[in-house]
Amino acid sequence: MGTVPGQAIFTDVPVVPPKRVGLMRKVYRSRADYLYVLPAIVVMLIVIAYPVYYTIELSFFKTPASLQLKDKVFIGLDNYAYLLQLPAFWKVTVQTLIWTVSSTLFAFVLGLGCALALHREFVGRGILRALLLIPWVVSAVAASYVWKWLYHSDFGAIGALAVQLGLTSEPINFVDNVQTALPSLIVVNIWKEFSFAMIMLMAGLQTVPDQLLRAAQVDGANAWQRFWHVTFPHLSGVSMVTVLLLTVQNFNSFIIPFIMTGGGPVGSTHIWITHIYEFAFQRQQWGRGSAYAVLLFLIMVLLGYFYVRALTRGDSSRAGS
Amino acid sequence: MAQVVLKDLVKTYGTVYAVNNVSLTVNDGEFVALVGPSGCGKTTTLNLVAGLIPITSGDIVIGERVVNDLDPKDRDIAMVFQNYALYPNKSVFKNLAFPLEMRRLPKAEIEQKVMAAAKVLDMTHLLQRKPRELSGGQQQRVALGRALVRDPAVFLMDEPLSNLDAKLRVQMRSEIKRFHQDLKATIIYVTHDQLEAVTMADKMAVMNGGYLQQYDSPAEVFANPANMFVASFVGSPAMSLIPLEAATNDGNVVLHSSEGWNLPLSAANARKANNAKSKKIVLGARHSTIKLHKSAAPGAVPAKVYTVEPTGDVTFVQAFLSGSVVNISLPPSVPVSSDEQVWLEFDQDRIHLFDGETEMALHAS
């Protein structure tokens, strides 16, 4: 590289390193900011941090039903060891995975389909959109009871309809059958939460640039190709967030399985949360229940990490440009 | 390459005419600029040619085919958009290859065509990058490339330079002009910037309110604007338009101002004035054709300086004449100051006369 005339003037200027600012000084400078978030932090410490701490502590203890809780016995990692070698734990884990993955997947796909359908202009779009939102706004408890009756083997509307249409000779036993109970509950769960995916994706669809779709049209892409090459990639961010939120929610599901089957028959609809509930509040095995809850907590933290990363993705590149 | 013909093209939205009876012919290899202010119908016209919106009536002929009902992909056109419209998740190579992939060309042919286009536009080193890693100018070049690989009959460009900064715009302007010359491409180019149209196009179609106002070479449009709108739209600074009244003074035709002075007209201009529907005549003059006198001179009319804008090699003076603002350009050596009384002399051979009622240019015959 040749030298640029005039540049030499600047080379002799000594480089003064910027004064380093101490951490305490930085904290002190933003003291007002800390003050503003203090109330929220205090509340969170009381209602979140303490229960988390106490659950972790309990997970190392045995709590015999004959003793008071304060007389619990320290047993180290025994509760974890017990759970990890318990066949029921692994069975419930598989069920939880089936429950979470299939609920998330189908709710997302159904939501995407509805969002795409509602994205076009047509008569009655507003009404249809409102109708499709109903599952999301209905109380989960009420919905669970309604579905329980719809599925009922003697009085259920679905079974009756199937018989009348000649699909089956007798009503199907949806939720009292080990084979069909979990899939039946998953259907309810998908019905309950696909509207959420629909709303998220509808919002995402509105941000797809019109010019890009037109460019693809001129380039010769048909409707499906325009969706695949333009719309869907554009939705990747919102899809990621939606799938993660649904996954977290499904991992944490309680109301639908608890009300509709209580984990039965024969534990075939237990998922982690209902299983934890059974250990802690039905068998009064607080230590085991807590150890179980800690495992769930760890998975939630992991999902939470991915969620935050998906949400803030692109922040650094935006800041950098 | 091919000819494009628009015949009585109409596009309505409800009762609003976005494009009203536009007819024009773009010859094979010609660069035509559709120019006009926002909402004049120029982009709608382009989208009609592209087939992105359906026409209400009229015909569009590309090459030998009437394409009214054809899909955009079947019209043999390529389009360049204002926001580049590059596929953000695809590399530059994939962006260029996309229209060819949609046409199911063999892989080897796609690669060869993409490389050829990349070479023409000097961006072979950018092929693996994503659009967001490119500057605005590079992105626009990729957009041009994506149009180029198709080897279309017509290039349609929708304000392709509007998103670039001023310096880059000038550079890309000459690149697009060169692109046109090298490829002998038929190009329809939409812009709201009359300077782009004047500098790049073989012909310009000035539009306003959905109507085609004038369609001619930039030089002709500049020299002989068909009406007051074209006169005020093309040229920078705009042509000054001064509403006056035709009158007779000692048997000669003059333009009379409400300020009391009379501007005598030459014989040719007098004939033009006589062709007006009424006595209302609008005098038009470009800044460079007006002479400024610091004292009263024969044939010069009194005006008052409003502002003086030195730009370096030219000083622009705005003055009030008969209630209208007149732009005059002067060499920077002439000292003029605000509120100064001056006299303006018009070049009879270079003034324009417009009918005050129809706003159309007046002709001698």
Side-chain angles (χ1 to χ4, degrees), chain A residues 1 108-109 112 115-116 119-123 125 200-201 203-244 306 309-321, chain B residues 43 46-47 49-53 70-91 94-105 130-136 139 142-150 152-160 162-163:
Chain A
M1 244 178 75
F108 179 80
V109 171
L112 179 61
L116 286 172
H119 191 59
R120 307 162 147 259
E121 252 348 303
F122 58 86
V123 179
R125 179 168 80 147
M200 296 285 282
L201 292 166
L205 279 175
Q206 286 175 2
T207 66
V208 177
D210 213 32
Q211 277 202 345
L212 218 49
L213 291 167
R214 290 184 166 198
Q217 203 181 344
V218 172
D219 281 342
N222 59 31
W224 162 252
Q225 287 164 329
R226 288 202 291 279
F227 171 75
W228 185 247
H229 290 282
V230 178
T231 308
F232 195 65
H234 197 84
L235 292 177
S236 66
V238 67
S239 298
M240 181 83 83
V241 169
T242 307
V243 165
L244 273 166
F306 285 119
R309 215 173 67 158
L311 269 191
T312 54
R313 193 176 58 161
D315 277 5
S316 53
S317 64
R318 269 197 294 270
S321 64
Chain B
T43 298
L46 195 76
N47 285 338
V49 176
L52 290 168
I53 47 178
L70 292 183
D71 270 351
K73 66 175 160 63
D74 300 323
R75 293 191 179 195
D76 201 9
I77 49 144
M79 199 155 171
V80 179
F81 294 84
Q82 180 177 350
N83 302 327
Y84 325 130
L86 300 178
Y87 308 113
N89 51 313
K90 295 182 190 296
S91 66
K94 281 279 177 192
N95 263 284
L96 294 179
F98 188 74
L100 304 175
E101 280 170 0
M102 291 300 109
R103 279 169 177 66
R104 291 163 198 254
L105 261 58
K130 290 277 173 71
R132 64 169 177 277
E133 297 164 342
L134 304 176
S135 69
Q139 288 190 38
V142 176
L144 270 180
R146 191 174 60 189
L148 180 65
V149 286
R150 299 259 307 277
V154 187
F155 288 92
L156 305 177
M157 303 193 184
D158 187 6
E159 310 221 11
S162 302
N163 278 19

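All chains are named by letter (A, B, ...) in the order of the sequence lines, taking the proteins before the strands, and each is independently numbered beginning at 1.
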| query | Which atoms form the tightest heavy-atom contact between A:Q217 and B:L52, and what is the distance? | reply | OE1-CD2, 3.3 Å
| message | Please find the pair of heavy atoms, one from B:Y87 and one from A:D219, that lie closest to each other, and give the distance. | response | OH-OD2, 2.8 Å
| said: Taking the ring of B:F98 and the ring of A:H229, is the distance between their centroids below 6.0 Å? | reply: yes
| query | For B:K94, does the NZ atom have more than 12 heavy-atom neighbours from other residues, nucleotides or ligands under 6.0 Å away? | reply | no
| field | B:R132, CZ: over 12 other non-hydrogen atoms inside 6.0 angstrom | value | no
| request: To the nearest 0.5 Å, tell me how far A:R226 CZ sits from B:M102 CE. | output: 11.0 Å
Residue part contacting chain A, namely of [X], when any heavy atom lies under 4.5 Å:
X	value
B:E101	neither
B:D71	neither
B:A78	backbone
B:N83	both
B:L86	backbone

| said: If we define contacts as heavy-atom pairs under 4.5 Å, which of B:P99, B:A143, B:P72 has the most with chain A? | reply: B:P99
| Top contributor to chain B contacts, counting heavy-atom pairs under 4.5 Å, from A:P233, A:P209, A:A215 | A:A215
| field | B:M79 side chain near A:R214 side chain, heavy-atom distance below 4.5 Å | value | no
| request: Identify which one of B:R75, B:R150, B:R146 satisfies the side chain to side chain contact (heavy atoms under 4.5 Å, CB included) criterion when paired with A:V218. | output: B:R150
